[in-house]
Every structure is written in C-alpha cells, then in structure tokens.
Amino acid sequence: MKAKRVAVWAGRLLALLSLAYLGWAASVHWEALKAWRPTEGALVLLAVLPLLYGAALLLVGESWHRLIVHFDGRPLPRTVTIPSFGVTQVAKYLPGNVFHYVGRHLWLARRGVTHGALAKAAAWEIALMVGAAATVAGLFLLVSPPPRLAFLGPPLSSPPSGGTAAGLLGLAG
C-alpha cells in the first residue's frame with residue numbers, strides 16, 4: 001500500500017511540475033503569445049479538433065476494450081477498460097512513451113486481468129497501430145506521390161511510387 005501512495009504522490013508532483021513548466025514556457029514566450037490574434041477559422045479548429053481527437057480516442061479505446069476482453073476471456077465492462085485507456089493516455093507524453101502501457105497494466109491488473117492477457121493485448125495494440133500507420137502512409141503515397149526521396153532510393157521516385165504504395169498496403173493489410 002505504501003508503494004501505491006508514493007506512486008500517487010509522484011504522479012501529482014509530476015503533474016504540478018508539468019504545469020509549472022508550462023507557466024514558465026508561457027512567460028518566456030509571452031510577447032509572441034500576447035501578439036497572437038487567431039482567425040475565426042483557427043478558433044473553430046481549436047474548438048473542433050479536440051472533440052475529433054476525443055472521438056478518435058474512443059474508437060481506439062474500444063479496440064483496447066475488445067483486445068482485453070478477448071485475451072482475458074472475461075466480459076469486462078467498458079466502464080473499466082475504456083477509462084484504463086483514457087486516463088492513462090496522459091502518461092504517453094512522459095519520458096519514454098511507455099508509461100501509458102504501465103498505467104493501463106496496473107489499472108487492469110488490480111481488477112483481476114492477467115498479466116499474460118495484458119501483455120498480449122499491448123503487443124497486438126502496437127502491431128495494429130503499426131499496421132494502421134503503414135496503411136495511412138501507403139494511402140498518402142497513392143494520393144500524393146513524393147518527389148524522389150534520394151535517401152530511400154529508386155522505389156519511391158515519382159513514377160513507381162504508386163506501385164510501392166500498393167505494396168505497402170498489401171504488407172500492412
């Protein structure tokens with residue numbers, strides 16, 4: 001129980017330090033911030049994009065729920081699995097980009113999900129994210145072939161990039 005209390009206080013301290021850093025960064029760049037005059041379009045984007053991001057996270061959270069239920073074999077409610085995904089997302093931005101996995105693991109292990117099920121779900125999540133990223137990248141290559149990317153060699157020169165994209169989609173699918 002003492003380790004849990006230390007972890008909670010460490011998390012609170014880290015959140016406080018993060019807010020202090022944001023305040024410091026804002027003070028350093030205050031003149032530029034003060035001069036910023038967003039357009040109506042920018043204000044609309046500032047209002048709409050967080051909602052779209054939240055909706056997208058719900059879809060990914062649903063995928064996490066299904067992975068956990070599949071590998072754990074129990075019908076866990078979404079009120080347990082979705083918050084395990086959403087609440088720990090903030091830990092993604094901490095050093096190492098792994099704390100959200102640790103947070104979800106701890107969150108659900110306390111609710112009886114086996115370590116094996118959690119590890120398999122996390123591995124599948126990573127694999128599915130890589131596949132989704134490769135698919136999106138392939139689609140962008142089909143829509144907008146890049147000019148010759150010398151460091152990648154001839155396969156990504158403009159004429160054959162459609163074929164390369166199709167190959168990437170085939171591998172990702």
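This chain uses plain numbering: 1 for the first residue, then up along the sequence.
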Which pairs would a plain distance check flag for residues 63-70, meaning a side-chain donor or acceptor within less than 3.5 Å of a matching protein atom at least two apart in sequence or in another chain?
unit_1: Ser63; atom_1: OG; unit_2: Leu59; atom_2: O; d: 3.3
unit_1: Trp64; atom_1: NE1; unit_2: Ser84; atom_2: OG; d: 3.2
unit_1: His65; atom_1: ND1; unit_2: Thr81; atom_2: OG1; d: 2.6
unit_1: Arg66; atom_1: NE; unit_2: Glu62; atom_2: OE2; d: 2.7
unit_1: Arg66; atom_1: NH2; unit_2: Glu62; atom_2: OE2; d: 3.4

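- Side-chain atoms of Asp72 and Leu76, non-hydrogen and from C-beta on, do get closer than 4.5 Å to each other.
- There is no path of hydrophobic side-chain contacts, each under 4.5 Å, that joins Val80 to Ile82.
- Side chain of Arg74 to main chain of Gly112: a donor-acceptor pair is present (N/O by atom type, distance under 3.5 Å, no hydrogens or angles).
- By the 4.5 Å heavy-atom criterion applied to side chains, Glu125 and Lys120 are not counted as neighbours.
- With rounding to the nearest 0.5 Å, the separation of CG in Leu57 from CG in Leu52 is 11.0 Å.
- The minimum heavy-atom distance between Phe85 and Gly61, with the atom names listed, is CD2-CA, 3.7 Å.
- When hydrophobic clusters are built by joining Ile, Leu, Val, Met, Phe, Trp and Tyr residues whose side-chain heavy atoms come closer than 4.5 Å, directly or via intermediates, Trp9 is not grouped with Leu13.
- Closest approach of Leu118 to His105, counting heavy atoms only: CB-ND1, 3.3 Å.
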Could you pull out all donor-acceptor pairs under 3.5 Å where a side-chain atom in residues 23-35 meets a protein atom, sequence neighbours excluded?
unit_1: Ser27; atom_1: OG; unit_2: Trp24; atom_2: O; d: 2.6

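- Here the CG-CG distance, from Leu17 to Leu22, works out to 11.0 Å after rounding to the nearest 0.5 Å.
- By the neighbour-count criterion of 12 heavy atoms within 6.0 Å, atom CH2 of Trp107 is densely surrounded, having more than that number from other residues, nucleotides or ligands.
- Put simply, Val87 and Val102 are part of two different groups of oily side chains (I, L, V, M, F, W, Y) that touch within less than 4.5 Å, one to the next.
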Begin from the C-alpha positions of Met129 and Val60 and carry the test side-chain contact (heavy atoms from CB on, under 4.5 Å) through to its verdict. CA-CA 10 Å; Met129 291 281 196; Val60 181; 3.6 Å; yes

